[in-house]
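The chains referred to below are lettered A, B, ... by the order of the sequence lines, with proteins before strands, and numbering in each begins at 1. Worth knowing before you read on, the calculation uses all heavy atoms, side chains too, and leaves out hydrogens, waters and symmetry mates.
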Amino acid sequence: MPTPHDIIFSALADPTRRGIFERLCRGGEQTVGGLTAAAGVSQPAVSKHLGVLKKAGLVLDRHEGRQTHYTARRQALAPLLDWTSQMTEFWESRFDDLDDLLKRMDQ
Amino acid sequence: MTMTSTETRSVVIERDFAHAPDKIWRALTQPHLIAEWLMKNDFVPTVDHRFTLTGDWGSVDCKVLEIEPQRALAYSWDAMGLESVVTWTLTPSATGTHVRMEQAGFRPDQQQAFAGAKFGWQKFLANLDEVVARID
């Protein structure tokens with residue numbers, strides 16, 4: 001089962017998506033049209049990327065007339081920037097690898 | 001007097017392994033085995049020995065603080081502005097070994113240093129690809 005961290009990491013793994021998210025972080029609220037002009041991909045592609053970012057809780061959308069405005073939710077990254085929660089996840093995964101190694105040492 | 005200046009936090013992971021303490025001890029103290037589950041390293045099981053753990057994202061400076069074969073191992077763990085101590089405790093159990101890892105010494109200001117501009121946003125994003133590759 002993917003953890004919230006995994007979902008955020010996967011959402012930001014794609015360079016285009018990460019670019020869109022960074023642009024929203026730096027430039028504040030923007031429309032799909034505005035983001036498309038800077039992204040170098042088609043508007044449907046940008047909309048799709050925004051959908052993934054929204055699912056991961058990284059952006060919020062606001063409808064106004066025919067336009068949808070997007071803003072970045074930087075606070076969604078807080079768990080990743082928190083040392084203790086990040087290290088907990090790190091050690092859990094190291095323990096998994098340790099367990100794998102111990103099993104291989106049996107053979 | 002402030003409480004926060006001395007307040008530190010710890011990360012504790014505990015797990016029961018179906019393996020004997022001596023085997024787990026080898027995995028925790030032999031460099032080629034440590035490399036299999038943690039990171040590349042030049043670990044030597046001697047108190048005061050300084051060693052480096054090297055990952056694809058950077059390195060961790062360590063020093064062996066305590067060694068009690070098959071029972072306890074502690075080393076300092078300094079990376080990216082963090083100064084902490086990792087302590088391993090092995091306790092024999094009916095089914096194998098209970099392993100406890102505590103990483104102690106996270107001060108609130110260290111946390112801020114990590115989350116701040118220096119090691120935060122830009123570097124974090126730049127490293128995401130590698131981090132994701134490791135999750136897969």
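For A/D96, the parts lying under 4.5 angstrom from a heavy atom of chain B are both the backbone and the side chain. A/L98 touches chain B through backbone and side chain together, each having a heavy atom under 4.5 Å away. For B/V99, the parts lying near chain A are the backbone and the side chain together; criterion is any non-hydrogen pair under 4.5 Å.
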Side-chain donor-acceptor pairs of residues 55-65 of chain A under 3.5 Å, sequence neighbours excluded:
from	atom 1	to	atom 2	distance (Å)
A/D61	OD2	A/K54	NZ	3.0
A/R62	NE	A/E29	OE2	3.0
A/R62	NH1	A/E64	OE1	2.8
A/R62	NH2	A/E29	OE1	2.7
A/R62	NH2	A/E29	OE2	3.4
A/H63	ND1	A/T68	OG1	3.2

Less than 3.5 Å apart, which donor and acceptor atoms pair up between the side chains of residues 31-38 of chain B and the rest of the protein, not counting sequence neighbours?
from	atom 1	to	atom 2	distance (Å)
B/E36	OE1	A/R104	NH1	2.8
B/E36	OE1	A/R104	NH2	3.4
B/W37	NE1	B/A27	O	2.8

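For B/W88, the side-chain hydrogen bond (donor to acceptor under 3.5 Å, both in side chains) criterion is met by B/Y75, not counting sequence neighbours.
When side chains are defined from C-beta on, B/F43 counts as touching B/T29, because their heavy atoms get closer than 4.5 Å.
Within the cation-pi definition used here (under 6.0 Å to the ring centroid, within 45° of the axis), A/R17 does not qualify as a partner of A/F21.
Distance check: B/R50 CZ to B/K63 NZ gives 4.5 Å after rounding to the nearest 0.5 Å. Here the CD1-CD distance, from A/I20 to A/Q30, works out to 10.0 Å after rounding to the nearest 0.5 Å.
Heavy-atom neighbours of chain A within the stretch residues 16-25 of chain B, taken at a separation under 4.5 angstrom, comprise B/F17, B/H19, B/K23, B/I24.
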